[in-house]
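Have a look at the structure below, then the notes.
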Amino acid sequence: MALTKNRFAENPTNYRPEMPIDDLLRMIRLTGVLQVPSIMTEPWGLACPRQDDSVTLHLIMSGHCLAYLDDKKDPVRLNEGDALLAVPPLAYTMADSVTTEPVALTDVMLAQMDEADSPDAFLASLFTTWTRHGGDGRSAQLLTLRMYLDRRFPSAVLRNLPRLLRLPGFIGRRTPFVQDITTQIGELGRQGFMGHSIATRLAEGVLAACIKDHFDHAFSGIDVKRGLNDPLISRILHAIYEDPAQDWSIATLAERACMSRSAFISRFTRVTGQTPNGFVTSVRMMRATEMLEQTAIPLAQIAIDTGYGSEAAFSRAFHRWTGRTPGTFRRRGKDEDDSPAT
């Protein structure tokens with residue numbers, strides 16, 4: 001599509017082409033992040049507990065190690081400059097060798113942490129405490145980010161990824177990005193809750209970069225990328241994302257796709273990992289939480305803007321999704337913003 005130069009000041013979203021992978025990456029939302037540096041010396045092994053609500057990223061800054069699941073089959077070998085994304089739900093082990101007996105990560109962390117006199121100080125300490133473990137052998141330095149998923153996180157982004165996703169050479173390909181953004185996350189994390197919200201937003205960028213790197217370099221046209229590039233579903237995703245207030249019934253969506261209801265539901269679910277109704281709700285709740293967090297728009301107007309016929313209907317849907325009423329959600333966010341630094 002050719003563009004005239006007089007659109008230079010226009011929002012790029014207005015002329016953005018249909019890009020389903022980007023549509024999904026733009027929906028990545030996290031609720032929190034922790035970043036912990038560590039030095040491991042051979043022999044060493046850490047049994048990482050099962051994670052259901054978070055994605056863990058290990059950046060191999062120096063040395064080498066491996067990761068494996070409980071059966072120890074097909075361990076993922078990691079060298080300096082690689083990254084590993086541990087995708088939930090799973091428990092796994094990081095070690096120098098499959099023959100090294102691992103110890104529980106929680107035991108190692110507890111032994112090296114100090115008590116804190118406030119929640120703010122406790123959070124800050126998690127970003128400043130180096131984890132050290134192992135014997136007297138060769139060392140490996142890791143930087144680990146644990147990123148906690150918001151319920152709005154689109155399941156299609158993760159559902160077809162390997163549980164232990166190796167990104168070979170990730171740090172080398174993105175050296176300035178990785179160095180700058182992890183430095184900022186660390187500095188903000190050391191500020192406690194005052195810096196945590198910004199650190200969390202930066203971590204969303206890190207996670208999006210990891211997933212895009214995987215699509216760009218590892219899949220090379222395999223089914224996941226072809227599926228997410230489905231032109232028909234791409235148009236539907238874009239339409240829902242741009243106008244969640246529409247009456248996106250199955251009938252409306254299937255008609256727009258020129259398909260029968262059953263064929264559309266099957267194709268949409270296969271490509272995105274969510275039902276059409278589930279995806280519409282996800283986008284609406286994402287938009288609603290953004291308005292509750294960032295604006296003073298009345299609940300009645302938010303209900304209209306997110307496609308609900310009444311404030312009561314919106315409140316019921318929001319409560320089912322978050323476990324809180326819109327008013328409680330908004331007040332809690334304001335209280336956190338107004339809380340004094342400690």
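We number each residue from 1, following the sequence as shown.
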Inset, instruction - Please round to the nearest 0.5 Å and tell me the distance separating atom CG of L90 and atom CG of L164. - result: 5.5 Å
Inset, instruction - Check whether NZ of the Lys or CZ of the Arg R284 lies under 6.0 Å from the centre of the six-membered ring of Y308 and within 45 degrees of that ring's axis. - result: yes
Legend entry - T175 side chain to G172 backbone, donor-acceptor under 3.5 Å: yes
Inset, instruction - Output yes when D213 and R174 qualify as a salt bridge under the 4.0 Å nitrogen-oxygen rule, no when they do not. - result: yes
Legend entry - Distance-only donor-acceptor check, side chains T128 and S125, under 3.5 Å: no
Inset, instruction - Assess the side chains of Q184 and D180: does a donor N or O sit below 3.5 Å from an acceptor N or O? - result: no
Legend entry - Side-chain (E204) to main-chain (L30) donor-acceptor, under 3.5 angstrom: yes
Legend entry - W44 backbone acceptor or donor facing D96 side chain under 3.5 Å: yes
Inset, instruction - Determine, stepwise, if the pair E311 / I304 fulfils side-chain contact (heavy atoms from CB on, under 4.5 Å). - result: CA-CA 8 Å; E311 182 179 335; I304 294 171; over 6 Å; no
Inset, instruction - Indicate whether any N or O donor in one side chain lies under 3.5 Å from an N or O acceptor in the other, for T325 and T328. - result: yes
Legend entry - Any donor-acceptor N/O pair, W248 side chain to G307 backbone, under 3.5 Å: no
Inset, instruction - Starting from the C-alpha separation in whole Å, work towards a yes-or-no answer on side-chain hydrogen bond (donor to acceptor under 3.5 Å, both in side chains) for Q51 and T56. - result: CA-CA 9 Å; Q51 55 185 49; T56 299; 2.8 Å; yes
Inset, instruction - Would you check if the side chain of T295 reaches a backbone N or O of M291 as a donor-acceptor pair within less than 3.5 Å? - result: yes
Inset, instruction - May I have the step-by-step check of ring pair (Phe, Tyr, Trp, His ring centres under 6.0 Å) for F279 and F268, ending in yes or no? - result: CA-CA 10 Å; F279 185 82; F268 188 98; 5.7 Å; yes
Inset, instruction - May I ask you to decide if A140's main-chain N or O and H64's side chain share a donor-acceptor pair within less than 3.5 Å? - result: no
Inset, instruction - Any chance you could lay out the side-chain contact (heavy atoms from CB on, under 4.5 Å) test for M94 and C48, step after step, and finish with the verdict? - result: CA-CA 7 Å; M94 299 287 292; C48 304; 4.2 Å; yes
Inset, instruction - Using modelled atom types only, decide if a donor and an acceptor are shared between the side chain of D82 and the backbone of G169 within a distance under 3.5 Å. - result: yes
Legend entry - Distance-only polar pair, side chains of H58 and T144, donor-acceptor under 3.5 Å: yes
Legend entry - Student check: side-chain heavy atoms of I240 and L253 closer than 4.5 Å: yes
